[in-house]
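Following: one structure in structure tokens, then a few remarks.
Each chain gets a letter, A, B and so on, in the order its sequence line appears, and its residues count up from 1. Because the structure is a prediction, the values reported are computed rather than measured.
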Number of protein chains: 2
Amino acid sequence: MATGRNHRPATRSRGIPEATVARLPLYLRALTALSERSVPTVSSEELASAAGVNSAKLRKDFSYLGSYGTRGVGYDVEYLVYQISRELGLTQDWPVVIVGIGNLGAALANYGGFASRGFRVAALIDADHAMTGAQVAGLPVQHVDDLETIIRTNGVSIGVITTPGSAAQQVCDRLVGAGITSILNFAPTVLSVPDGVDVRKVDLSIELQILAFHEQRKATDELARNGGPGPSGAPPDDQGPEGDIPAVMPA
Amino acid sequence: MATGRNHRPATRSRGIPEATVARLPLYLRALTALSERSVPTVSSEELASAAGVNSAKLRKDFSYLGSYGTRGVGYDVEYLVYQISRELGLTQDWPVVIVGIGNLGAALANYGGFASRGFRVAALIDADHAMTGAQVAGLPVQHVDDLETIIRTNGVSIGVITTPGSAAQQVCDRLVGAGITSILNFAPTVLSVPDGVDVRKVDLSIELQILAFHEQRKATDELARNGGPGPSGAPPDDQGPEGDIPAVMPA
DNA sequence: TAGATTGTTAATCGATTAACAATC
DNA sequence: TAGATTGTTAATCGATTAACAATC
């Protein structure tokens, strides 16, 4: 397998669809905010709105976890926080290692949200000897030569790769070799991993390109509606795929 | 709308499905690597493998763009690079503004991949007066008071938010007010934006939580297979959703 | 022509959504 | 009881995939 999102293909892990799993953290975040404001209960409508989804989807998602609500009342905030946390595995401690302590690695090491929810930066690793021993976010940078030892010693099961793309696969292989089965990859590289290893990727460049696509389309639509060469009243619909082969006007 | 991915709901923009759009950058990256190695043509099988998808999916994706391949031969690398670039809108220049120049904002400003593909960091903005004028990645940090002017002057259409979560919505509102219609949000916040504005989010914490879910499940499965309390030979399948209500052994 | 590979079809699968019966 | 809201059903929609005819 080599994709960035290779859980068991099409397996709805323990019956929970992937799409639902991906939304549980959103619900949890919204619930945590409610909890901090000491709100005791919340309806699917309110919570869905806070999480930015529609309420039918939220209720369907929760139905995979069990029947944790009360008809006519809503959901108990604290209880749901606990149930979702448990479901996501956040009631235990997850030591994380960050490999590649450049600008991004340092930013992540300093990121507070890490520690808040069960995750703990156990070690920082870099290939540059000159960095070894330097303190980043209160932790010493260790050399990649000791990667396997560091992982085994700290019982790390999640690795974050923030190296240059050219080093990512090699680092990945060593992480996997050392027993790591979950990887968050910030390098712009498709990683190959054996079955049973989960990879998720965060790719700034891809996100920007997707935005650019839509941005371009908006501009094209705008042109078609207003300044467009066709008769006014051109439909607000999309043009054909060839930007330079007009679909709404005669050739 | 308030979700992190609100393109026109279910609209396959100009006929290209969202899922396909999201993969085009992957194909483009693989093709660019081939181009740099002066590889003239590539088959769907080879390219799919490099991009980490299956070849049927790739061919289906390309079919939305047009018929750019040659049966029995494959795809012309240079031609495909051009077509996908054009489709994604990368043949034009996209000035980007980064708001929030902390660790992460600075990391992004320094990120080389930005410039490579049509994107150009036009300005860095921060709310801290003490930072104003400081040089980051060769650019002066400007104050958020001037946000609207900066955006209009530079013709910026894409905004990247790397502020703390508490400031994100407010910054978002000002970006939108200044005419920005595409936002990449790194803050752990659900942004509300009017129709016509695209938001994509990158959320470290959510990615880690999804990994933790799968990691936990792997551990549970492992336990069920080996050290589990039931009779040996317990199925490798998932347990029920309640981690503490055994599904494979008698109560 | 023979071999290779695309582009498309059709089946399948997973995700979303509205609607509403169940029930607090 | 009346009102509110969940949990579930069923319809719909979009995405994936294998298979293969078209064709280079």
Mark yes when over 12 heavy atoms from residues, nucleotides or ligands other than A/Q92 sit less than 6.0 Å from its CD; otherwise mark no.
yes

Checking side-chain polar atoms at under 3.5 Å, does A/S49 have a donor or acceptor matched by the opposite partner on A/E45?
no

Per atom distances to the A/K60 side chain, the nearest of D/dT6, C/dA15, D/dT9 is D/dT9

Indicate, with a heavy-atom threshold strictly under 4.0 Å, whether A/F62 touches base, sugar-phosphate, or nothing.
nothing

Watson-Crick or G-U stems of DNA chain C, 3 or more pairs, under 3.5 Å, by first number
C:3-24 with D:3-24

Start with the C-alpha distance between A/V99 and A/V160, add both sets of side-chain angles, then the distance that settles side-chain contact (heavy atoms from CB on, under 4.5 Å), and finish with yes or no.
CA-CA 6 Å; A/V99 187; A/V160 178; over 6 Å; no

Side chain of A/T189, backbone of A/G165: donor and acceptor closer than 3.5 Å?
yes

Any side-chain N or O of B/S43 under 4.0 Å from OP1/OP2 of C/dT5?
no

d(CG, A/N54; P, C/dA15) in whole Å
15 Å

Closest nucleotide among D/dT6, D/dA15, C/dC24 to the A/T70 side chain:
C/dC24

Regarding the side chain of B/R59, the nearest nucleotide among D/dA18, C/dG7, D/dT8 is C/dG7

Nearest whole angstrom, please: distance from the C1' of C/dA11 to the NZ of B/K57.
17 Å

Side chains of A/T91 and A/R86: is there a donor and an acceptor less than 3.5 Å apart?
no

For B/Q83 and C/dG7, give me the distance from atom CD to atom P, rounded to whole Å.
12 Å

Between A/E46 (CD) and D/dT5 (P), how many Å, whole number?
8 Å

Which residue lies toward the 5' end of DNA chain C, A/A56 or A/G72, if each is placed at its nearest nucleotide?
A/A56

Looking at the side chain of A/A19, which of D/dT6, C/dA15, C/dG7 is the nearest nucleotide?
C/dA15

Atom pair distance, as rounded to whole Å: OH in B/Y68 and P in C/dG7:
11 Å

C/dT8 OP1/OP2 closer than 4.0 Å to side-chain N/O of B/Y64
no

Give a yes or no answer on whether the side chain of B/Q170 reaches the backbone of B/A167 with a donor-acceptor pair at less than 3.5 Å.
no

For the pair made of CG in B/L58 and C1' in C/dT6, what is the distance, rounded to whole Å?
11 Å

Just how far, in rounded Å, is P of C/dT17 from CD of A/E45?
13 Å

Could you list by number each residue of residues 32-41 of chain B showing a heavy-atom separation from DNA chain C of less than 4.0 Å, or answer none if no residue does?
none

Which of D/dA18, D/dC20, C/dA22 is nearest the side chain of A/R71? It is C/dA22

Answer yes or no: does a side-chain N or O of B/Y75 lie under 4.0 Å from OP1 or OP2 of C/dG7?
yes

Side-chain ion pair, A/D203 and B/R29, N-O less than 4.0 Å:
yes

The single option from A/Y82, A/Y68, A/F62 passing ring pair (Phe, Tyr, Trp, His ring centres under 6.0 Å) against A/Y75:
A/F62

Under the side-chain hydrogen bond (donor to acceptor under 3.5 Å, both in side chains) test, residues paired with A/E215 that sit two or more places apart:
A/K218, B/T181, B/S182

Round to the nearest Å and state the distance from B/D61 atom CG to D/dG14 atom P.
16 Å

So does B/E87 get a backbone contact from the side chain of A/Q216, meaning a donor-acceptor N/O pair under 3.5 Å?
yes

What's the closest nucleotide to the B/E18 side chain, out of D/dA15, C/dT6, D/dT6?
D/dA15

